[in-house]
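Accompanying notes for the structure given below.
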Amino acid sequence: MDRPGFTASLVAGGVAGVCVDLILFPLDTIKTRLQSPQGFNKAGGFRGIYAGVPSTAIGSFPNAAAFFITYEYVKWFLHSDSSPYLMPVKHMLAASAGEVVACLIRVPSEVVKQRAQVSASSGTFHIFSNILYQEGIQGLYRGYKSTVLREIPFSLVQFPLWESLKALWSWRQDHVVDSWQSAVCGAFAGRFQHCQWERPLCPARGLADAGAVRIICRCPPSNGSHQPGRFHLSRCL
């Protein structure tokens with residue numbers, strides 16, 4: 001397996017990330033406001049649906065670039081002539097490493113973006129400054145661990161499936177897949193993992209990133225015993 005190109009991974013991943021985030025940004029804003037505890041209209045309704053877009057524009061390129069650079073290099077590093085049945089495991093490890101690195105950029109960008117989406121009257125820079133002043137650097141990384149733990153299982157499903165679909169299509173047509181074919185495989189893999197895993201967790205994640213909730217924790221019953229599997233959202237004061 002050839003050593004992956006640093007420039008190609010950086011530019012291709014970064015440009016793809018920016019295009020997707022900017023195109024879908026209004027839908028993300030509406031989703032975040034629908035999840036807001038203050039209600040859709042009070043959170044801004046359909047006004048200022050591009051509130052917080054500077055944060056996304058600044059963070060999208062390095063976030064996506066960091067993921068794909070890490071993903072490609074870990075795949076290359078782990079490549080060997082071992083059984084092809086182990087390839088999905090390598091793709092899982094590469095995707096997990098990519099998520100850990102990318103979230104170092106993604107989480108601060110998401111925190112600022114989602115707070116701007118539910119407070120359209122405040123500018124992105126003003127919100128960023130307030131977070132640093134009131135909460136310090138740790139405020140920008142609110143929910144980092146939970147985000148990484150959320151993203152890794154999705155990547156464990158999506159990227160091995162994406163790579164397997166590309167390999168199958170390449171085998172069927174006897175040549176490497178074209179760009180549009182890779183996109184179709186990626187769309188199917190992304191849709192599959194979203195339907196199976198991501199949709200139930202999106203509301204809690206959005207509230208946590210926006211600062212509406214502080215922690216997701218287990219609810220102890222009134223008799224003092226501990227019943228696993230019951231959770232509640234603790235609102236930030």
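With Tyr141 contributing its side chain and Leu104 its backbone, the two residues share a donor-acceptor pair below 3.5 Å. Judged by distance alone, the side chain of Trp162 and the main-chain N or O of Ser182 form a donor-acceptor pair under 3.5 Å.
Minimum interatomic distance between Ser60 and Asp21 (heavy atoms only, all atoms of both residues): OG-OD2, 2.6 Å. Considering every non-hydrogen atom in both Arg106 and Asn63, the closest pair reads NE-OD1, 3.4 Å. Between Pro88 and Pro160, the shortest heavy-atom contact is O-CG, 3.8 Å. Of all heavy-atom pairs spanning Ala116 and Ile127, the tightest one is CA-CD1, 3.2 Å. Listed here is the closest heavy atom pair of Gly139 and Val111: O-CG1, 3.8 Å. Scanning all heavy atoms of the two residues, the minimum distance from Tyr71 to Glu163 falls at OH-OE2, 2.7 Å.
Residues passing the side-chain contact (heavy atoms from CB on, under 4.5 Å) test with Ala64: none are found, sequence neighbours excluded.
When side chains are defined from C-beta on, Phe67 counts as touching Glu99, because their heavy atoms get closer than 4.5 Å. At least one side-chain heavy atom of Leu156 sits under 4.5 Å from a side-chain heavy atom of Ser96. Side-chain contact check for His91 versus Lys75: some heavy-atom pair is nearer than 4.5 Å. Counting heavy atoms from C-beta outward, Tyr144 and Val100 have side chains that approach closer than 4.5 Å. Here the side chains of Asp28 and Lys113 are in contact, with some heavy-atom distance below 4.5 Å.
Residue-environment remark: CZ (Phe77) stays at or below the threshold of 12 foreign heavy atoms within 6.0 Å. For CZ of Phe61, the number of neighbouring non-hydrogen atoms (other residues, nucleotides, ligands) closer than 6.0 Å is greater than 12.
Aromatic ring pairs are classed by plane angle as parallel below 30°, tilted from 30° to 60° and perpendicular above 60°; the pair Phe25 and Tyr50 is parallel.
Think of Leu24 as one node in a network of Ile, Leu, Val, Met, Phe, Trp and Tyr side chains linked at under 4.5 Å; its network also takes in Val20, Ile23, Leu27.
A salt bridge does not link Glu110 to Arg150: none of the charged nitrogens lies less than 4.0 Å from a carboxylate oxygen.
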